[in-house]
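The structure presented is a predicted model; accordingly, all values stated were derived computationally and were not measured. Numbered from 1 within each chain, the chains take letters A, B, ... in sequence-line order.
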2 protein chains.
Amino acid sequence: MAPDTDPRGDTRKRILDIAETLLLTRGFNGFSYQAISGELGVKNAAIHYHFPHKTDLGIELIQRYRRRFRRFTEAQADLDAASRLDAYFELTDSYYRRHRQVCPSGILSTEFHTLPCAMQDEAALFIEEMRAWSVAIARQGRDGGVFHYAGSAEAMGAVMFSALQGGLQLARVDAELLGTLKYQLKTLLGIAPALPERGQQALSLPVEG
Amino acid sequence: MAPDTDPRGDTRKRILDIAETLLLTRGFNGFSYQAISGELGVKNAAIHYHFPHKTDLGIELIQRYRRRFRRFTEAQADLDAASRLDAYFELTDSYYRRHRQVCPSGILSTEFHTLPCAMQDEAALFIEEMRAWSVAIARQGRDGGVFHYAGSAEAMGAVMFSALQGGLQLARVDAELLGTLKYQLKTLLGIAPALPERGQQALSLPVEG
DNA sequence: GACAGCTTACCAAGCAGTAAGTAGAGTCGG
DNA sequence: CCGACTCTACTTACTGCTTGGTAAGCTGTC
């Protein structure tokens with residue numbers, strides 16, 4: 001029916017892309033297979049062909065995100081702590097710019113009690129990886145003498161992670177909060193610039209091949 | 001605390017109580033009228049008698065919460081900043097203890113895009129009130145010479161608000177995070193006690209049906 | 001007899017999920 | 001080079017269940 005402009009064979013990937021957008025804007029319980037098939041221009045059952053159950057789709061979404069996040073962090077192996085922090089902030093910003101999405105950890109922890117067990121397990125792994133990354137940045141910054149803050153790196157990383165997750169959600173209601181938040185986190189880390197910066201390098205998550 | 005527990009006559013209030021628990025554990029899209037009527041022991045249409053549309057119920061839930069929050073803050077008119085901060089932390093803890101609920105602001109901002117417009121408006125008002133309160137605590141503490149932190153009170157309040165909202169969600173996955181977070185926030189405010197208080201013990205994750 | 005506070009009995013729409021059929025491309029024996 | 005077979009990637013058509021929501025009737029109280 002619809003004249004294909006795209007080469008066939010990537011339907012599965014396009015399903016995941018659409019589902020990811022829907023997940024991060026509306027939540028896992030906030031979208032249906034119809035919403036995906038409608039946007040993709042296929043029938044409902046086509047989605048079930050690739051992902052028999054919605055749980056299968058949800059798990060694959062998190063696993064794909066974990067792989068992407070892993071590559072994102074590995075790509076920063078040689079960066080200093082300040083650059084990693086900027087990358088973290090830019091990652092957060094990129095969610096906001098994309099239709100005021102929130103971080104996957106924010107959706108998954110908020111909807112946690114309503115998720116199937118298999119998704120809960122996968123979500124817990126992802127959240128732990130994000131938390132550990134935030135802690136690693138805080139630790140690296142202090143060890144390198146770049147960050148200066150009271151308390152442990154574990155605790156400071158937890159504050160950064162929690163604040164950015166919460167701030168990304170609240171930015172939907174208060175657009176200025178996210179910028180304020182990033183600036184204050186830098187202040188608390190002892191590296192605040194003279195003015196809240198606007199044009200950081202575009203470091204976003206690489207798209208899966 | 002509600003003084004009345006009489007079985008009949010306050011169905012409306014009991015509906016709101018059950019709905020509030022469901023909202024804070026499962027989200028607005030995560031519960032149905034059947035879930036309320038089932039727990040209350042009435043028929044589905046009885047809920048519709050009191051709240052014709054689910055939107056009506058949602059708005060009343062937020063408005064009731066705003067009234068309660070206003071009384072909560074007004075009751076602290078004479079308290080110093082440290083006590084207000086403790087009250088804020090205790091409020092956060094009380095959510096966690098009640099079946100790992102999250103703060104209403106966390107649910108409402110995360111589900112924001114899926115909420116009816118009238119609920120969005122009400123949610124925005126509530127979130128702004130919470131943010132303002134957090135900022136007021138930060139400002140009072142600094143003005144009184146109790147808190148010591150870099151940056152503006154606006155920014156510090158935003159960090160506290162965002163971090164506690166995010167932390168309450170993440171506590172569902174990582175039980176120790178909330179305690180760590182509160183301690184580090186006090187550290188960043190320059191009022192950390194000698195040892196982190198270990199208030200809550202880790203319960204095993206209950207899977208909700 | 002008026003009214004609040006329900007119940008009974010519905011409804012249409014939307015949900016995830018399934019079974020069966022099919023178009024097209026690739027494979028393979030003869 | 002052809003027909004038969006096979007596999008992928010769907011579509012068509014459907015199911016059973018849940019959802020928010022409604023209309024009408026019933027019952028106890030003032």
Side-chain angles (χ1 to χ4, degrees), chain A residues 1-20 22-23 25-62 111 113-120, chain B residues 4-23 25-62 107 111 113-120 122 208-209:
Chain A
M1 177 186 306
D4 262 345
T5 52
D6 287 70
R8 301 285 286 269
D10 59 344
T11 303
R12 183 187 158 92
K13 182 186 175 300
R14 295 175 68 197
I15 290 171
L16 285 168
D17 289 341
I18 293 170
E20 183 179 305
L22 290 166
L23 175 71
T25 49
R26 304 182 53 89
F28 190 70
N29 299 316
F31 73 90
S32 65
Y33 270 33
Q34 273 78 5
I36 303 172
S37 59
E39 174 132 351
L40 196 52
V42 297
K43 295 301 169 185
N44 188 33
I47 317 295
H48 280 284
Y49 171 77
H50 291 281
F51 302 97
H53 305 274
K54 201 183 176 186
T55 303
D56 301 323
L57 174 60
I59 289 173
E60 179 55 34
L61 277 174
I62 307 176
E111 287 188 309
H113 292 315
T114 72
L115 297 178
C117 291
M119 275 188 74
Q120 288 185 345
Chain B
D4 47 1
T5 329
D6 55 311
R8 288 298 141 196
D10 61 342
T11 305
R12 183 186 157 91
K13 182 186 175 300
R14 296 175 68 198
I15 290 171
L16 285 168
D17 290 342
I18 293 169
E20 182 178 306
T21 297
L22 289 166
L23 175 72
T25 49
R26 303 181 54 89
F28 190 69
N29 299 316
F31 73 91
S32 64
Y33 270 32
Q34 273 77 4
I36 303 171
S37 60
E39 174 131 353
L40 195 53
V42 296
K43 295 302 169 183
N44 189 34
I47 318 294
H48 279 285
Y49 171 77
H50 291 281
F51 302 98
H53 305 275
K54 201 183 177 187
T55 302
D56 301 324
L57 174 60
I59 290 174
E60 179 54 35
L61 278 174
I62 308 176
I107 283 286
E111 286 189 310
H113 292 316
T114 72
L115 297 178
C117 291
M119 275 188 74
Q120 288 185 344
E122 207 65 40
E208 300 219 353

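- Enclosure of atom CD in A/E39 is not indicated, since only 12 or fewer non-hydrogen atoms of other residues, nucleotides or ligands lie within 6.0 angstrom.
- Contact annotation: B/T11 side-chain N/O to C/dC6 OP1/OP2 distance is under 4.0 Å.
- In terms of modelled atom types and a separation under 3.5 Å, the side chain of A/E111 and the main chain of A/F28 share a donor-acceptor contact.
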>> Please encode protein proximity along nucleotides 7-21 of chain C as a string of B, S and -, counting only heavy-atom distances under 4.0 Å.
In response: BB------SSBB---
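- Annotation: ring pair (Phe, Tyr, Trp, His ring centres under 6.0 Å) contacts of A/F51 (sequence neighbours excluded): none.
- A donor-acceptor pair is defined here as one N or O able to donate and one able to accept, closer than 3.5 Å; such a pair exists between the side chain of B/Y33 and the backbone of B/H53.
- Here the options are A/L23, A/N29, A/L22, the test is side chain to side chain contact (heavy atoms under 4.5 Å, CB included), and the partner is A/R26; only A/L22 passes.
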